[in-house]
Amino acid sequence: MCLAIPGKVMSIENRYDGKVKFAKVSFDGLIKEASLELLPDVQINDYVLIHVGVAISKIDEQEAEKVFQYLRESGDLEELEPNHAL
Amino acid sequence: MKYLQEFADETLVKEGIEKIRSLIKHPWKIMEVCGGQTHSFVKYGLLDLLPKTLQLIHGPGCPVCVTPSSIIDLAVELAQQPQFILCSFGDMLRVPGTTMSLLEAKSRGADVRILYSPLEAIKIAKENPLKEVVFFAVGFETTAPANGLSVKQAHREGVKNYSLLSAHVLVPPAMEAILNDSEAKVDGFLAAGHVCTIMGYDDYEPIAYNYHVPIVVSGFEPLDLIHGLYRTIYLLENKSNIVENAYARVVTKAGNRTAQALLLEVFEPCDRYWRGIGLIPNSGLKINKTYQEYDAFHKFSLQIESAKENTECIAGDILKGIKKPFDCKHFGKKCTPLFPLGAPMVSNEGACAAYYNYAKI
């Protein structure tokens, strides 16, 4: 139910007198339309998380890579905590 | 697919599990709140790979499962009237009410439609001006903004024959209800990542502090879950009852402020009955006065009757983590996804359905 899928923004268009943006989003080649009303600052080529036809979050590529770095590190993960803890 | 398949890398998952094995020194009970996470844990076989000292408790985080049968009955009742088109997400159609599911109503001729997005319902309403289009809106904080957006869009386009039957539920009050239950013993939580995408995680800090439980925001892919578990166990072993974010690629502390503003604009909190758990104060969202012409409860004078649960179902114990699906004598026999006795078997993301579909029985 809370499934949200990452996709790449291919194009953006304005509707309702420019007030609301909609995007064509590619999910590994499958293109679907999504509303950008809750994520208005998205640019073409950004990766976004889509839930029930609405973009809810931009995917931070650097943060995505960090998880792999943590898990690839042979040392203790705890040492990385200052970057990670809140 | 970028940001999906990479997080299911088998080698990295196995390495992560080994790190958990080295880290864990005490027996811990960790609850994954979200049904999507339960589904992933079982589907990818992670439960069998984790150390036996770690017990995962599958929480109440399947909004389809916890929607009371009395609200489903209302949706069925509307759908059976010829002037209505009843729309919802596919998961919701199969869930049995007291008499039947929406799918059964559809098979008997009701106009029931499965939608990918609530925004599609506005198009249906415009194409059918003589019908009343009702969207049966279920979901947590992840889904409520999109459903709220449909109301705003209907308002913007002057669509009058559209309304929302809101059965929305909220995660933090349910976590507190579980922590207040003396039978339920939870040492730490994996918080539901996509709920936090919208809401951020400020709301979890008082829970972590007041109930002395670490809470780690986690994603849904195998690597996300292992990463979230590692951090939770690390915090437990170090007696650190704080909130951490292990899903930073899509979750920020503040969350999506635009979505939060929309929730405030369209909805207000209400008490909500959770199937399998009971009434939890302020754990639901209903349409507020400003938008009440789009509230199906208001528009069609609907009342939620008190729900009658199937007494053979141990859903309450399952959803609070007191019992496992295998502990139920009806599991896989009298109770299956086709004929569910209660909440956790009704949707793929319910704990019982996940065990039925993927685990060895």
Side-chain angles (χ1 to χ4, degrees), chain A residues 1-8 15-17 19-20 22 26-30 32-42 45 47-81 83-86, chain B residues 1-4 6-7 9 12 15-16 19 34-36 61-64 89 91 116-120 138-140 142-143 145-147 149 152-153 156-157 192-195 197-198 201 220 223-224 226-227 230-231 234 242-246 248-253 256 258-259 262 347 349:
Chain A
M1 184 72 228
C2 283
L3 188 69
I5 308 286
K8 189 176 183 181
R15 289 188 201 158
Y16 303 106
D17 301 327
K19 284 182 199 151
V20 183
F22 281 78
S26 169
F27 301 93
D28 216 14
L30 176 76
K32 285 202 82 111
E33 187 178 87
S35 167
L36 298 183
E37 190 163 354
L38 301 181
L39 208 63
D41 297 329
V42 161
N45 290 331
Y47 279 88
V48 291
L49 201 59
I50 306 291
H51 176 66
V52 297
V54 177
I56 57 170
S57 177
K58 197 174 145 179
I59 297 173
D60 187 322
E61 297 187 39
Q62 285 182 335
E63 289 292 346
E65 192 52 42
K66 271 188 198 170
V67 175
F68 293 104
Q69 282 172 15
Y70 290 148
L71 290 160
R72 284 190 188 118
E73 295 284 338
S74 54
D76 288 340
L77 295 190
E78 295 90 293
E79 287 173 14
L80 294 162
E81 198 202 352
N83 296 326
H84 196 62
L86 309 168
Chain B
M1 187 183 288
K2 204 166 184 195
Y3 304 119
L4 212 55
E6 302 96 316
F7 287 88
D9 184 286
L12 283 174
E15 282 172 22
K19 285 184 173 161
C34 178
C62 165
V64 172
F89 299 123
D91 312 22
Y116 156 72
S117 168
L119 301 180
E120 294 170 320
V138 292
F140 284 125
T142 318
T143 317
N147 291 342
L149 211 52
K152 209 174 159 184
Q153 192 158 317
R156 191 159 42 211
E157 297 198 21
H194 292 153
V195 168
T197 299
I198 301 292
Y201 43 88
F220 297 79
L223 218 47
D224 290 318
I226 295 302
H227 187 41
Y230 183 92
R231 293 308 309 170
Y234 175 79
I242 60 167
V243 182
E244 266 198 10
N245 183 8
R249 70 182 181 279
V250 292
V251 175
T252 59
K253 191 170 194 301
N256 182 331
T258 312
L262 182 96
S347 150
E349 293 177 0

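Using a 4.5 Å cut-off between heavy atoms, A:K8 makes no contact with chain B at all. Interface residue A:V20: only side-chain heavy atoms are found under 4.5 Å from chain B. A:I50 touches chain B through its side chain: at least one heavy atom from C-beta onward sits under 4.5 Å away, while N, CA, C and O do not. With a 4.5 angstrom heavy-atom cutoff, B:E120 does not touch chain A via any of its atoms. Of the two parts of B:F89, only the side chain, counted from C-beta on, holds a non-hydrogen atom closer than 4.5 Å to a non-hydrogen atom of chain A.
Using a 4.5 Å cut-off on side-chain heavy atoms (C-beta onward), A:L49 and B:H194 make contact.
Atoms CG and OG1, from A:L36 and B:T258 in turn, are 11.5 Å apart once rounded to the nearest 0.5 Å. Residue A:L38 holds its CG atom at 5.0 Å from CG of B:L149, rounded to the nearest 0.5 Å.
Top candidate by heavy-atom pairs under 4.5 Å with chain A, chosen from B:C34, B:G61, B:A146, B:S117, is B:S117.
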List the atom pairs, with distances to 0.1 Å, where a side-chain N or O of residues 51-61 of chain A and a protein N or O form a donor-acceptor pair under 3.5 Å, not counting sequence neighbours.
{"unit_1": "A:H51", "atom_1": "ND1", "unit_2": "A:L3", "atom_2": "O", "d": "2.8"}
{"unit_1": "A:H51", "atom_1": "NE2", "unit_2": "B:T143", "atom_2": "OG1", "d": "2.8"}
{"unit_1": "A:S57", "atom_1": "OG", "unit_2": "B:V250", "atom_2": "O", "d": "2.7"}
{"unit_1": "A:D60", "atom_1": "OD1", "unit_2": "A:Q62", "atom_2": "N", "d": "3.1"}
{"unit_1": "A:D60", "atom_1": "OD1", "unit_2": "A:E63", "atom_2": "N", "d": "3.1"}
{"unit_1": "A:E61", "atom_1": "OE1", "unit_2": "B:Y3", "atom_2": "OH", "d": "3.2"}

Practice task
Begin with the C-alpha distance, continue with both residues' side-chain angles, and end with the deciding distance and a verdict on side-chain contact (heavy atoms from CB on, under 4.5 Å) for A:E37 and B:K152.
Solution key: CA-CA 11 Å; A:E37 190 163 354; B:K152 209 174 159 184; 4.0 Å; yes

